[in-house]
There are 2 protein chains.
Amino acid sequence: MRAEAIKGHVDLLVLSVLQRSPAHGYAVAERLRKRSSGVFDLAEGTIYPALYRLEGQGLVESRWRTVGGRRRRVYRLTTAGEQALSGRRRHWDAFATAMQAVLS
Amino acid sequence: MRAEAIKGHVDLLVLSVLQRSPAHGYAVAERLRKRSSGVFDLAEGTIYPALYRLEGQGLVESRWRTVGGRRRRVYRLTTAGEQALSGRRRHWDAFATAMQAVLS
DNA sequence: CTTGACGATTAGCACCACTAAGTATACGGT
DNA sequence: ACCGTATACTTAGTGGTGCTAATCGTCAAG
């Protein structure tokens, strides 16, 4: 998937995968790859800064976890994150609908 | 419509409205506004540079027309533009499908 | 003659995803 | 032991692209 296409939608994607259950950055990337059938193959330089951004906005929160000697920072949605997610879903729907209207 | 959402899709939108018939920049913006029911209200600083970019890529071509004393640069799709459009439509479909898969 | 719609241009800014490199642990194969 | 690969995080720098805002100009309506 070309980079520019997902601009402005990465946060929505990340929030969406975190809604099901908390996850660390690497797992977020994996879930996105899997759930999109490989279409969203986001670089680390995309996913981690996105998580920092979301944490800065208070939409996710994190804590360190050590599993088998590996440090993981596990993120989960905050209440504000849940609300933001539902708003962004509606925003996406409006966008996709408008795109469809122009393209049809 | 927030700016970031359409990043990477403006070219597709512009090519799409030009496919029906040639148009000048101002008219392209109007058509987009109308066909999207006001969702896509693109600034001039977005639409004109997009047209220049597309012309630079050989996807559209333009010629000056004077109508009632007003200069207009009328753009129309080239053959390469038609092909690019159909490719980008498929690309959009893949993107929208993947988004839906992640969000659902 | 002032206002607003039409129509185009462009310099500068800001955001955001990517590249690329670095750091570090675990584990399987040789 | 050594090496490659997967896992896991960080971050400086770059580039694309849409926006802001200003400028220049014509025309019709008030």
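Letters go in sequence order (proteins before strands), and every chain restarts at 1.
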On the nucleotide D/dA8, are OP1 or OP2 found under 4.0 Å from the side-chain N or O atoms that A/R65 carries?
no

Taking the minimum atom-to-atom distance to the side chain of B/E30, which one of D/dA8, D/dA22, C/dC6 wins?
C/dC6

Looking for any heavy atom pair under 4.0 Å, which part of the strands does A/R70 touch: base, sugar-phosphate only, or nothing?
base

How close or far is atom P of D/dT17 from atom CD1 of B/I6, stated in whole angstroms?
13 Å

Counting any heavy atom closer than 4.0 Å, what does B/G68 reach on the DNA or RNA strands: base, sugar-phosphate only, or nothing?
sugar-phosphate

Return the orientation label for the B/H9 and A/F95 ring planes: parallel under 30°, perpendicular over 60°, tilted otherwise.
tilted

What's the CD1-P distance between B/I47 and D/dT20, to the nearest Å?
15 Å

Answer yes or no: does a side-chain N or O of A/R53 lie under 4.0 Å from OP1 or OP2 of C/dA17?
yes

Would you please say whether a donor-acceptor pair under 3.5 Å links the side chains of B/S16 and B/R31?
no

Can you check the B/E44 CD to D/dA22 C1' distance for me, whole Å?
11 Å

Would you mind reading off the distance between A/R72 atom CZ and D/dT10 atom P, rounded to a whole angstrom?
14 Å

If you look at every strand shown and take non-hydrogen atoms under 4.0 Å, does A/G69 touch a base, only sugar-phosphate, or nothing?
sugar-phosphate

